[in-house]
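Shown next, in structure tokens, is the structure this report addresses.
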Number of protein chains: 2
Amino acid sequence: MDAQPTDGRSGEAATDSVESASTTATEEGCCGGVAHALSDRDLEFDVETLATVGNRTRYETLRLVAAADGGVCGCEVEPALDVSQGAISQALSRLHDADLLTRRKEGRWRYYDATPRAERLLSVLDGTRPNADGGSGGRS
Amino acid sequence: MDAQPTDGRSGEAATDSVESASTTATEEGCCGGVAHALSDRDLEFDVETLATVGNRTRYETLRLVAAADGGVCGCEVEPALDVSQGAISQALSRLHDADLLTRRKEGRWRYYDATPRAERLLSVLDGTRPNADGGSGGRS
DNA sequence: TAACTATATTAGTATACGCTTATATTAGCA
DNA sequence: TGCTAATATAAGCGTATACTAATATAGTTA
């Protein structure tokens with residue numbers, strides 16, 4: 001029941017350092033401590049990046065923009081995805097806020113382009129899919 | 001005279017299973033069609049990958065595992081994150097299902113390790129953060 | 001001016017998510 | 001046999017998410 005570790009980390013406000021324990025008591029007992037080297041801010045930023053693309057509509061939107069070169073306007077994305085205009089606008093907006101799309105205004109249009117972060121992300125996804133070599137089936 | 005945006009989308013990647021984007025050569029507006037070259041299966045797989053890491057608990061779990069080399073057991077992760085044991089187990093399980101962690105059983109422990117896909121993903125995130133040092137060690 | 005197109009924003013809502021708690025299972029050890 | 005540690009699983013629940021529909025705001029053209 002009260003098997004809660006209660007390591008007393010709740011409500012912390014330290015925003016820029018590794019907080020986890022680092023007592024590497026390995027060898028005998030297994031449960032020592034592990035740690036990573038990410039600041040809280042970077043962690044939050046990465047999670048936001050991933051959560052943003054971790055949605056079908058937004059991911060496909062990003063793919064569409066990245067696939068075309070030279071910029072894509074929102075109205076071009078709309079007919080390709082089976083969701084409402086509002087949804088597309090929200091998707092583009094969030095992708096932009098997450099630093100995955102650049103945005104430039106031109107007349108009544110808005111042109112979007114993938115950022116380097118987005119492009120490298122997509123590239124890794126393409127390069128590490130289990131069935132990357134074209135074979136069908138693949139994993140599972 | 002028509003102030004058409006830089007259209008010129010041609011060559012609609014006639015891949016195997018891009019389902020949407022009817023590409024019905026619309027009227028004179030800007031809104032033609034764009035397309036990406038991803039199959040529905042790959043799309044789904046990528047989104048699942050991203051949605052899995054796009055959560056604080058799971059992302060931090062993955063970071064902890066990836067930071068240590070040689071495998072980490074669940075009980076080592078537990079004290080580092082301020083969530084219950086059940087939450088950690090669910091996180092590790094989902095990361096494994098998403099092909100981001102390998103898992104091997106040893107006695108009463110389960111050892112996890114980051115897959116290449118996970119490692120390259122983390123590497124890109126590290127290398128493309130806005131505040132990343134100019135070094136940009138990300139090779140990928 | 002009005003009409004029209006592209007986009008943004010808002011409210012409302014059904015659903016999915018992520019956690020906790022409790023319980024079950026599995027493995028080592030006294 | 002217990003007993004304990006590590007892990008898995010399930011129900012329950014508060015909250016966040018991702019849409020739609022309606023409306024508002026720009027910019028363009030007639």
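Chain letters run A, B, ... following the sequence lines, proteins first and then strands; every chain starts at 1.
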Do the side chains of [X] and [Y] get close enough for a salt bridge, i.e. N-O under 4.0 angstrom?
X	Y	value
B:D82	B:R56	no
B:E106	B:R104	yes
B:R41	B:D46	no
B:D99	A:R129	no
A:R103	A:D97	no

For [X] and [N], give me the distance from atom [atom1] to atom [atom2], rounded to whole Å.
X	N	atom1	atom2	answer
B:L81	C:dT20	CG	C1'	15 Å
A:L95	C:dT7	CG	P	15 Å
B:R94	C:dA16	CZ	P	13 Å
B:Y111	D:dA6	OH	P	10 Å
A:R104	D:dA26	CZ	C1'	18 Å
B:I88	D:dT9	CD1	P	16 Å
B:D97	D:dT7	CG	P	16 Å
A:E106	D:dG27	CD	P	13 Å

Check whether any side-chain N or O of [X] sits under 4.0 Å from OP1 or OP2 of [N], and answer yes or no.
X	N	value
A:R108	C:dC4	no
B:R56	C:dC17	no
A:K105	D:dG27	yes
A:R110	D:dA26	no
B:R58	C:dG18	yes
B:N55	D:dA16	no
A:T57	D:dC19	yes

Any side-chain donor paired with an acceptor under 3.5 Å for A:S123 and A:E119?
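Absent: no donor and acceptor within the cut-off.
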Between D:dA8 and B:Q85, counting only base atoms on the nucleotide and side-chain atoms on the residue, is there a donor-acceptor pair under 3.5 Å?
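Indeed, a donor on one side and an acceptor on the other fall under 3.5 Å apart.
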Proximal nucleotide (of [options]) relative to the [X] side chain:
X	options	value
A:S89	C:dA6, C:dT7, C:dT20	C:dT7
A:Y112	D:dA8, C:dT20, C:dA8	C:dA8
A:W109	C:dA8, C:dA6, C:dA11	C:dA6

Tell me what A:G107 touches on the nucleic acid: a base, only sugar-phosphate, or nothing, going by heavy atoms under 4.0 Å.
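Result for A:G107 = sugar-phosphate.
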Classify A:E78 by what it touches in the nucleic acid, base, sugar-phosphate, or nothing, heavy-atom distance under 4.0 Å.
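Result for A:E78 = nothing.
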For A:G86 and for B:S93, find the nucleotide of DNA chain D with the closest heavy atom, then tell me which residue's nucleotide is more 5'.
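Nearer the 5' end of the strand: B:S93.
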